[in-house]
Amino acid sequence: MKDMLFSIFPDENFIDLSLYQFGWERCVPSHAFGPAARNHFLFHYIISGTGTLIANNSSKQSIPYQIKSGQGFMIFPNQINTYIADQNLPWEYVWIEFDGLRVKEALSVAGFTADTPVYHAHSYELREIMRDEMLYIAQHGNMPPFHLIGHTYLFLDALTRSISGMKLSKGGRLRDFYVREAVTYIEQNFQNAISVEDIADNCGLNRCYFGKIFKASTGKTPQEFLLNYRMTKAAELLKLTKLSIGNISKAVGYDNQLHFSRAFKHIYGNSPRDWRNQNQMTKIQAP
């Protein structure tokens, strides 16, 4: 039996959720990868064995994490990391590199951050579903893109629910309903001049109360979420289309191109033009 499966996803035209590369590996003792950084989110689930992840936290400090079977770890875009299989009990893992408009917020709700990258499932059943979806994707790299993206949605659903399922308070279900309503409203209206008041009114909530439950669920204020959503959408358009900066500015709700460029640089650290020049197709390395 092979000790590694590796595939590169052939289609980058999926915006809400996309794959980049995925696979499975039974590592040799002390097998190491890194230090390296990724352009997208990269999740490993440990099927057996153990090892160490060394990853930069939000303060750019290198933090070691011991991770064993039944756990996993999330690597964030542009995060420097190294991971090393144990010398005596090396790990076997399956991985998926993915990204998209819905991903950052979904992972934030689930509790993943650069300071908390380790996966601990609260639901054994959902953890097994997630693992099976990851293995299916790794073993069927020759299937059509829509088929693989469908299974990636099932993976992401099981991943987030297996973590967050036990974190909901008594009012969690109603709170999550309002947050989903707000996110849907943003997705459908981000290109318009909407305000936090508009989002709260759409949910039928007081603006102050809405802001509190939204931040409690997503870790961001409604203003921050809307800004991040618009800029993520803008980044996808910059990467996947040849639209002018001015047209992209209008497409994400900014009539003033200068205001758009300032907002984009605030999130990504570069102007839209420079970011586009630096984020063309690049060769993807295997883990």
Side-chain contact, heavy-atom cut-off 4.5 Å: Glu25 with His31?
yes

Do Ile15 and Lys233 touch side chain to side chain, with heavy atoms closer than 4.5 Å?
yes

Side chain to side chain donor-acceptor pair (under 3.5 Å) evaluation trace for Gln66 with Thr52:
CA-CA 5 Å; Gln66 295 295 317; Thr52 303; 2.8 Å; yes

When you measure from the side chain of Asp198 to the backbone N and O of Ile194, does any donor-acceptor pair fall under 3.5 Å?
no

Candidate pair Ser48 and Glu92, rule side chain to side chain donor-acceptor pair (under 3.5 Å), full reasoning
CA-CA 5 Å; Ser48 64; Glu92 171 192 357; 3.2 Å; yes

Please state whether the rings of Phe264 and Phe260 are parallel, tilted or perpendicular, taking 30° and 60° as the class boundaries.
tilted

Are the side chains of Val94 and His44 in contact, using a 4.5 Å heavy-atom criterion?
no

Residue pair Ile80 / Pro35: nearest heavy atoms and the distance that separates them
CG2-CB, 4.1 Å

Angle class for the His40/Tyr20 ring planes (parallel below 30°, perpendicular above 60°, tilted otherwise)?
parallel

Are any side-chain N or O atoms of Arg38 and backbone N or O atoms of Ile75, one a donor and one an acceptor, separated by less than 3.5 Å?
no

Heavy-atom nearest pair, Ile47 first then Ser69, reads O-CB, 3.6 Å

Taking the six-membered ring for Trp, are Phe33 and Tyr83 parallel (under 30°), tilted (30 to 60°) or perpendicular (over 60°)?
tilted

May I ask you to decide if the ring planes of Phe155 and Phe43 are parallel, tilted or perpendicular, using 30° and 60° as cut-offs?
tilted

Could you check whether atom NZ of Lys220 has more than 12 heavy atoms from other residues, nucleotides or ligands sitting under 6.0 Å from it?
yes

Can you name the closest pair of heavy atoms from Ala106 and Thr160 and give their distance?
O-CG2, 3.8 Å

Verify side chain to side chain donor-acceptor pair (under 3.5 Å) between Asp115 and Ser58, making sure each step is shown before the conclusion.
CA-CA 6 Å; Asp115 297 312; Ser58 58; 2.8 Å; yes

Per ring-ring contact (aromatic ring centres under 6.0 Å, His included), Phe73 is matched among Tyr119, Phe112, Trp95, Trp91 by Trp91

Is any side-chain heavy atom of Asn81 closer than 4.5 Å to one of Phe76?
no

Which side-chain N or O atoms in residues 199-208 pair as donor and acceptor under 3.5 Å with protein atoms at least two apart or in another chain?
{"residue": "Asn206", "atom": "OD1", "partner": "Cys208", "partner atom": "N", "Å": "2.8"}
{"residue": "Asn206", "atom": "OD1", "partner": "Tyr209", "partner atom": "N", "Å": "3.0"}
{"residue": "Arg207", "atom": "NE", "partner": "Glu197", "partner atom": "OE2", "Å": "2.8"}

Can you confirm whether more than 12 heavy atoms, excluding those of Glu125, are under 6.0 Å from its CD atom?
no

Side-chain heavy atoms of Lys104 within contact of Thr232, under 4.5 Å
no

For residues 126-144, please give each side-chain donor-acceptor pair under 3.5 Å, one per line with the distance, not counting sequence neighbours.
{"residue": "Arg127", "atom": "NE", "partner": "Tyr45", "partner atom": "OH", "Å": "3.4"}
{"residue": "Glu128", "atom": "OE1", "partner": "Arg131", "partner atom": "NH1", "Å": "2.8"}
{"residue": "Glu128", "atom": "OE1", "partner": "Arg131", "partner atom": "NH2", "Å": "3.1"}
{"residue": "Glu133", "atom": "OE1", "partner": "His151", "partner atom": "ND1", "Å": "2.6"}
{"residue": "Tyr136", "atom": "OH", "partner": "His147", "partner atom": "NE2", "Å": "2.7"}
{"residue": "His140", "atom": "ND1", "partner": "Tyr136", "partner atom": "O", "Å": "2.7"}

Heavy-atom side-chain proximity of Met74 to Leu159 below 4.5 angstrom
yes

Ignoring hydrogens and angles, tell me if any N or O in the side chain of Arg276 forms a donor-acceptor pair with the backbone of Leu238 under 3.5 Å.
yes

Minimum-distance pair of heavy atoms, taken over all atoms of Ala235 and Trp275
O-CZ3, 3.3 Å

Determine yes or no for a side-chain-to-main-chain donor-acceptor pair under 3.5 angstrom, with Asp157 supplying the side chain and Tyr153 the backbone.
no

Trace of the side chain to side chain donor-acceptor pair (under 3.5 Å) decision for Ser18 with Asp99:
CA-CA 5 Å; Ser18 184; Asp99 213 328; over 6 Å; no

Verify the neighbour count for atom CG of Asp255: are there more than 12 heavy atoms of other residues, nucleotides or ligands below 6.0 Å?
no

I'd like to know if the side chain of Asp274 and the backbone of Asn270 have a donor-acceptor N/O pair within less than 3.5 Å.
no

